[in-house]
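Remarks on the structure that follows.
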Amino acid sequence: MTLLIDGVGGVIVETEAYDSEEPASHSYRGQTLHNAALFGPPGHAYVYLSYGLHWCLNFVCREAGHGAGVLIRALEPTAGIAQMIDRRGQREPRLLCSGPGRLGQALAVTRDLNGRRIDVPPFKMAAATAAPDIVCGPRIGISKAVDHPWRFGLAGSRFLSRPFPK
DNA sequence: CTTTCGATGATCT
DNA sequence: GATCATCGAAAGG
């Protein structure tokens, strides 16, 4: 799909799934104040601060109360590229949104998007016109449940945060 | 190309 | 007090 926030964004090329029954997930230990959005209704955003400095964007999936989400890890920039460059201080197109922290900075994601619906402004979502070729592999940067192949990417994309293992 | 390491702060134990 | 769904610069091959 294409994701825009205030008109800035592109085609999502990499995601990861997280579920409350699996220890790598923020929802694994149950609902708390900071992860409450993850236990809310689907179609809303869950935003968290990673390593003290990177804002990362998730979409809540499954029914309210379950605690499942998808981390948006990378996208191919198509709209608002000048603004992304400005926010990132970085001209190389490949490095604008290739990683959850970079994407968050380029799209100006912050806590005030936490819990917001993603089908109304400032979000704008558009479905792909054709069925894409998707690859999967282990998730990145986690220490638990490392065997779940729950990282998904657009095959052959140059905008992935990292290549997928063979 | 690869690996290492510091920045930085919320959250949970 | 430890951990962490990360990034970028620096150092080494």
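The model shown is predicted, which means the values in this text are computed figures rather than measured ones. Below, chain A is the first sequence line, B the second, and so on; all start at residue 1.
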Could you check whether the rings of A:H26 and A:H34 sit parallel, tilted or perpendicular, using 30° and 60° as the cut-offs? tilted

For C:dA5, the nucleotide meeting Watson-Crick or G-U wobble distances (both under 3.5 Å) is none

Using the closest heavy atom to pick a nucleotide of DNA chain B for each, name whichever of A:R111 or A:H54 lands nearer the 5' end. A:H54

Separation of C:dC7 P from A:E92 CD (nearest whole Å): 16 Å

Tell me the interatomic distance from A:L49, atom CG, to B:dA7, atom P, rounded to whole angstroms. 17 Å

At under 4.0 Å between heavy atoms, how does the protein contact nucleotides 8-13 of chain C? Give one character per nucleotide, 5' to 3', with B, S or -. S-----

NA contact type, A:S143, heavy-atom cut-off 4.0 Å: base, sugar-phosphate, or nothing? sugar-phosphate

Has A:R151 got its NZ or CZ under 6.0 Å from the middle of the six-membered ring of A:F164, at an angle within 45 degrees of the ring axis? yes

Counting only side-chain nitrogens and oxygens, does A:K144 get under 4.0 Å of the OP1 or OP2 atom of C:dC4? yes

A:R139 bridged to A:E16 by N-O distance under 4.0 Å: no

Measure from the side-chain N and O atoms of A:E22 to the backbone N and O of A:S25, and report whether any donor-acceptor pair falls under 3.5 Å. yes

Might you point out which heavy atoms bring A:P23 and A:A145 nearest each other, and give the distance in Å? CD-CB, 3.9 Å

Position toward the 5' end of DNA chain B (nearest nucleotide), A:Y51 or A:G30: A:Y51

Nearest-Å distance, CZ (A:R139) to P (C:dT6)? 11 Å

Identify the heavy atoms of A:C97 and A:M84 that sit nearest to each other, and give their distance. SG-SD, 3.7 Å

Less than 4.0 angstrom between a side-chain N/O of A:R29 and OP1 or OP2 of B:dT11, yes or no? no

If the cut-off is 4.0 Å, is A:S25 near the phosphate of C:dA5, judged by side-chain N/O to OP1 or OP2? no

Quick one: A:E22 CD to C:dA5 P, roughly how many Å, whole number? 10 Å

Stacking between C:dA5 and A:Y18, yes or no? Criterion: centroid separation under 5.5 angstrom, plane angle under 30 degrees. yes

Can you measure A:I72 atom CD1 to C:dT6 atom P for me and round it to whole angstrom units? 14 Å

Reckon A:L53 touches a base, only the sugar-phosphate, or nothing at all at heavy-atom distances under 4.0 Å? base

With a 3.5 angstrom cut-off on both distances, give the Watson-Crick or G-U wobble partner of B:dT8, or none if there isn't one. none

Hey, does A:G52 reach any base, or is it just sugar-phosphate, or nothing, if we go heavy atoms under 4.0 Å? base

Please check this pair: side chain of A:N114 against backbone of A:R111, looking for a donor-acceptor N/O pair closer than 3.5 Å. no

Under 4.0 angstrom, heavy atoms only, what part of the nucleic acid is A:I140 near: base, sugar-phosphate, or nothing? sugar-phosphate

Side chains of A:H66 and A:D19: is there a donor and an acceptor less than 3.5 Å apart? yes

Take the protein atom CH2 of A:W55 and the nucleotide atom P of C:dC7, then report the distance between them rounded to whole Å. 15 Å

Whole-Å distance separating the CZ atom of A:R162 from the P atom of C:dA5: 15 Å

Need one value for A:N58: base, sugar-phosphate or nothing, where a base atom within 4.0 Å counts as base even if backbone is also close, heavy atoms only. base

Establish, with yes or no, whether the OP1 or OP2 oxygen of B:dC12 is under 4.0 angstrom from a side-chain nitrogen or oxygen of A:H34. yes

Whole angstrom value for the distance that separates P of C:dT3 from OH of A:Y48: 18 Å

